[in-house]
Amino acid sequence: MLKCWQANIDVQFVLDPYSCASYIVSYISKGQRGMSNLMYRASQEAKENNMDLKHQMRHISNQFLTHVEVSAQEAAYFVLQLPMRRSSRSFFLFLNTGPPSERITLLKSVAKLEEMSSTSTNIEADNVVKRYQRRPKELLKLCLADYASWYDVSYSKKEQARNRCLIEQVESYNGDQNTFDDNMNTEFMPENLHAEENDRSEGLTLSEKYGCFDPGRPEQYDVGLDIGITRKQIGDDDCLMKMPDNDYRELVRNLNDEQKRYFYHVLHWFKIKDEPVYNFLSGGAGVGKSVLIRAIYQGLLRILNMAPGSNPDDVKVLLCAPTGKAAHNIGGNTIHSTFCIPVSRGYSYKPLAMEQLNTYRLKYKNLKVVIIDEISMVGCKMFNFVIGKLQEIMGNNRQFGGVSLIAVGELYQLKPVMDSWIFHNTATEYGDLAANLWQDNFSLYELKTIMRQKGDREFAELLNRLREGHHTHSDIDTLKSRVVETESGSLSSMPHLFTTCAEVDTFNKYVFSQTSSKSDTIECIDSVTGDLSETLHDDALQRVPNDPSKTMGLYKNLKIAEGLQIKINFNINIEDG
Ligand SMILES: Nc1ncnc2c1ncn2[C@@H]1O[C@H](COP(=O)(O)OP(=O)(O)OP(=O)(O)O)[C@@H](O)[C@H]1O
């Protein structure tokens with residue numbers, strides 16, 4: 001039971017099994033007055049908002065599942081974003097802060113003892129309390145608990161300073177604040193500091209020596225999981241809504257023949273069949289895939305909601321895409337947010353927490369179709385993730401959880417980032433033994449008529465040939481006839497396409513150097529948050545790299561000039577990282 005509860009385990013002999021059981025049960029179900037108040041408020045709100053019974057229950061259960069009562073200490077950890085979970089499990093430190101005469105300390109090693117003179121009484125090994133006594137002046141204001149939590153000493157260059165934040169247990173503090181304060185005063189006041197030079201390590205960096213703060217740590221830590229609050233509360237407003245009937249009719253009427261054929265094929269399938277469909281809708285750039293997705297989504301909403309007993313509020317079709325831009329283009333959500341896939345944890349699969357699973361199951365219980373656009377950016381690992389999440393949410397082991405999947409995109413593109421092609425097997429030892437669900441299930445529908453350049457048939461055909469690698473010499477000559485000299489200073493207003501950021505930088509520098517208008521440089525101001533000593537603070541600032549590829553595209557110096565355009569990207573939704 002304790003293992004399931006994943007609590008800190010405090011081992012003691014308990015002679016009466018009944019008291020053991022009653023202790024654990026009362027610990028698990030200990031009263032949470034704050035939660036009762038919250039539940040009371042939630043039920044009041046549900047009643048006042050005139051919801052039907054199902055929505056009242058959903059509202060109350062969502063409040064219950066997404067709130068948790070925490071102690072003041074936990075709240076402080078949460079607000080300060082301190083990594084509680086990782087730290088408390090990786091390290092648990094016992095601090096003996098009883099009176100000095102009662103403290104147990106370890107002896108120095110035999111080798112060290114033998115080196116000492118026989119009259120020396122300095123036989124105790126070093127420990128955190130001693131280190132605290134001789135801490136550097138930058139840390140004078142720290143109390144022992146904070147010092148022990150935040151700092152560790154590395155005695156040799158090889159030994160890495162451990163990143164840790166500890167849960168400290170203070171022994172001997174039995175509620176008598178005066179005794180506790182006396183001990184602290186006599187032992188830990190700054191005037192008692194003795195620097196023991198021979199115990200100090202030499203040549204270590206500051207962070208090796210004292211600190212756990214590593215500004216270069218790339219991994220993100222989701223502190224919400226520590227206290228059981230998931231990052232996203234699942235709302236009801238996720239997808240593109242039903243469009244007015246007139247607009248829908250207009251949209252369908254304007255589809256070209258190819259588009260209409262696939263559109264009616266899908267609608268017909270869901271009208272007459274009850275089994276899932278797995279399609280890959282492909283076609284080169286500008287053939288109208290996104291337009292067709294929008295029409296299919298609207299058509300499916302209408303058909304699926306016509307089924308007897310169907311509730312129009314239930315989510316039946318999901319529209320998603322691997323990136324925010326692609327998702328926005330079709331009015332859907334990213335795959336990550338749709339299936340609650342954490343952005344920062346690579347591809348190691350983690351099942352949903354119970355409360356998330358519960359909410360997702362309630363929300364997607366009548367899910368019939370998932371449409372994924374820009375499937376070329378979805379690699380094999382990500383695809384497996386989606387399959388796993390669908391099975392988990394739908395609560396079965398059927399392929400794709402028994403839900404239909406329409407993948408849309410163009411596979412004549414670059415390989416997915418950090419992943420293999422969707423049609424390849426997973427690159428693990430046993431990957432070849434697993435069935436390839438993409439190859440085994442998906443049938444291809446291809447759109448061929450380019451709609452984006454429909455006024456220029458010749459160019460559209462050239463693009464199609466280029467896409468498949470069947471371009472002719474005359475195609476290349478046609479493209480080359482459009483080549484213009486980049487050296488010309490007047491080019492800056494034209495859109496340029498480059499394949500790497502380095503080329504973009506070089507070009508921007510060139511354009512900037514050519515401008516004769518008034519210019520200036522804006523220097524970025526970095527700041528370090530958190531209560532750190534001045535030295536660590538400066539150290540952290542010095543470590544910020546002057547390389548935009550390592551700072552998520554943020555430049556140290558931004559050059560501006562009158563008349564030159566600057567593109568500013570602004571992340572309007574940071575849910576997905
Ligand atoms: N049936 C149609 N009638 C008129 N215009 C259309 C039609 N279908 C698509 N278009 C237009 O063609 C252009 C490209 O369409 P869309 O963006 O849907 O193509 P796509 O295949 O998704 O392109 P990409 O692969 O580049 O994302 C858009 O301007 C769209 O309005």
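Each ligand, and each atom within it, is numbered from 1 in the order the structure gives. Side chains included, hydrogens not; waters and symmetry mates left out as well; all remaining heavy atoms used.
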Taking 4.0 angstrom as the limit, do Lys289 and Glu410 come out as a salt bridge?
no
Around atom 17 (O) of ligand 1, find the nearest protein heavy atom and jot down its residue, atom name and distance.
Arg452 NH2, 3.5 Å
For a side chain to side chain donor-acceptor pair (under 3.5 Å) check, start with the C-alpha distance between Arg294 and Gln298, then their side-chain angles and the critical distance, and finish with the verdict.
CA-CA 6 Å; Arg294 237 169 277 146; Gln298 293 297 329; over 6 Å; no
Taking atom 5 (N) of ligand 1 as the reference point, the nearest protein heavy atom with its distance
Lys454 NZ, 3.7 Å
Hey, is ligand 1 close enough to Gln259 that some N/O pair sits below 3.5 Å?
yes
Output the list of atoms in ligand 1 that are nearer than 4.0 Å to some heavy atom of Leu255, sorted by atom number.
1 (N)
Mind checking whether Phe383 and Trp438 have parallel, tilted or perpendicular rings, split at 30° and 60°?
perpendicular
Pair Phe385 + Phe339: ring centers closer than 6.0 Å:
no
So if I count the atoms of ligand 1 from 1 in the order they appear, which ones are less than 4.0 Å from some heavy atom of Asn256?
1 (N)
Atom 16 (P) of ligand 1: the protein heavy-atom neighbour that sits closest, reported with distance to 0.1 Å
Gly288 CA, 3.7 Å
Among all protein heavy atoms, pick the one closest to atom 23 (O) of ligand 1 and tell me residue, atom and distance.
Gly286 N, 3.1 Å
Need the ligand 1 atom indices (1-based, order shown) with element for anything under 4.0 Å from a heavy-atom of Ala285.
25 (O), 26 (O)
Any side-chain donor paired with an acceptor under 3.5 Å for Thr506 and Glu503?
no
Is Gly283 close enough to touch ligand 1? Criterion: a residue heavy atom under 4.0 Å from a ligand atom.
no
Could Asp314 and Lys363 be called an ion pair, given the rule that one side-chain N must be under 4.0 Å from one carboxylate O?
no
Identity and distance of the protein heavy atom lying nearest atom 20 (P) of ligand 1:
Lys289 N, 3.5 Å
Distance to 0.1 Å, residue and atom name: give those for the protein heavy atom nearest to atom 12 (O) of ligand 1.
Met451 CB, 3.5 Å
Tell me yes or no: between the side chains of Thr449 and Glu258, is some donor less than 3.5 Å from an acceptor?
yes
Could you check atom 22 (O) of ligand 1 against the protein and tell me its nearest heavy-atom contact, residue, atom and distance included?
Ser290 OG, 2.7 Å
NZ/NE/NH1/NH2 to OD/OE distance under 4.0 Å, Lys556 and Asp547:
no
Just to confirm, does any protein heavy atom lie below 4.0 Å from atom 28 (C) of ligand 1?
no
Would you mind finding which of Leu292, Leu281, Ile450, Val291 brings a heavy atom closest to atom 31 (O) of ligand 1?
Val291
Centroid-centroid under 6.0 Å between Tyr445 and Phe280 rings
no
Ignoring hydrogens, tell whether any protein atom lies closer than 4.0 Å to atom 10 (N) of ligand 1; use the non-hydrogen atoms only.
yes
Output the list of atoms in ligand 1 that are nearer than 4.0 Å to some heavy atom of Asn254, sorted by atom number.
1 (N), 2 (C), 3 (N)
Under a 4.0 Å N-O cut-off, is there an ion pair linking Arg253 with Glu250?
yes
